[in-house]
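Working notes, beginning with the structure itself.
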Amino acid sequence: MSNVKNYTEQGGEKTVIGGTLEVATGGKLAFNGIELKPAALQADSVAATVADLVTDFNALLAKLKAAGLMASE
């Protein structure tokens, strides 16, 4: 047990974040080699029809995939 909030265990196989993990400008976060980044903004839906809602939902899915936050196919 460490007396600091963020630490990497001996051997480096596990890092514990008990505080804040800040990725500074230029830093990257990846999962299985795929860079993760914030998803583009998806405006709140104002859809009045199911078809329009499907369009908004698919736009959201596309943005999550582009950000690396959701696997694509």
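Values below: all heavy atoms of this structure, side chains included; hydrogens, waters and symmetry mates excluded. Keep in mind the model is a prediction, meaning the values are calculated, not measured. We count residues from 1, following the sequence as given.
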Could you list the cluster mates of V50? Members are the ILVMFWY residues connected by side-chain heavy atoms closer than 4.5 Å, either directly or through other members. V54
Which residues share a side-chain hydrogen bond (donor to acceptor under 3.5 Å, both in side chains) with K63, sequence neighbours left out: Q42
How long is the straight-line distance from CG of L21 back to OG1 of T15, given to the nearest 0.5 Å? 9.5 Å
Identify the two heavy atoms, one from I34 and one from G68, that lie closest to each other, and give their separation to 0.1 Å. CG2-CA, 4.3 Å
Would you kindly confirm whether L69 and L60 end up in one hydrophobic cluster when ILVMFWY residues are joined by side chain heavy atoms under 4.5 Å apart? yes
Around atom CD of E35, are there more than 12 heavy atoms of other residues, nucleotides or ligands at under 6.0 Å? yes
With clusters defined by side-chain heavy atoms of hydrophobic residues (ILVMFWY) lying less than 4.5 Å apart, directly or transitively, does F57 cluster with M70? yes
Residue pair A39 / A67: nearest heavy atoms and the distance that separates them: CA-CB, 3.6 Å
For K65 against S72, the heavy-atom pair lying closest together: CD-CB, 3.8 Å
Determine, step by step, whether N6 and V4 satisfy the side chain to side chain contact (heavy atoms under 4.5 Å, CB included) criterion, reporting the C-alpha distance in whole Å, the side-chain angles of both residues, the deciding distance to 0.1 Å, and the verdict. CA-CA 6 Å; N6 305 330; V4 295; 5.9 Å; no
Flag yes if more than 12 heavy atoms outside E9 fall under 6.0 Å of its CD atom; otherwise flag no. yes
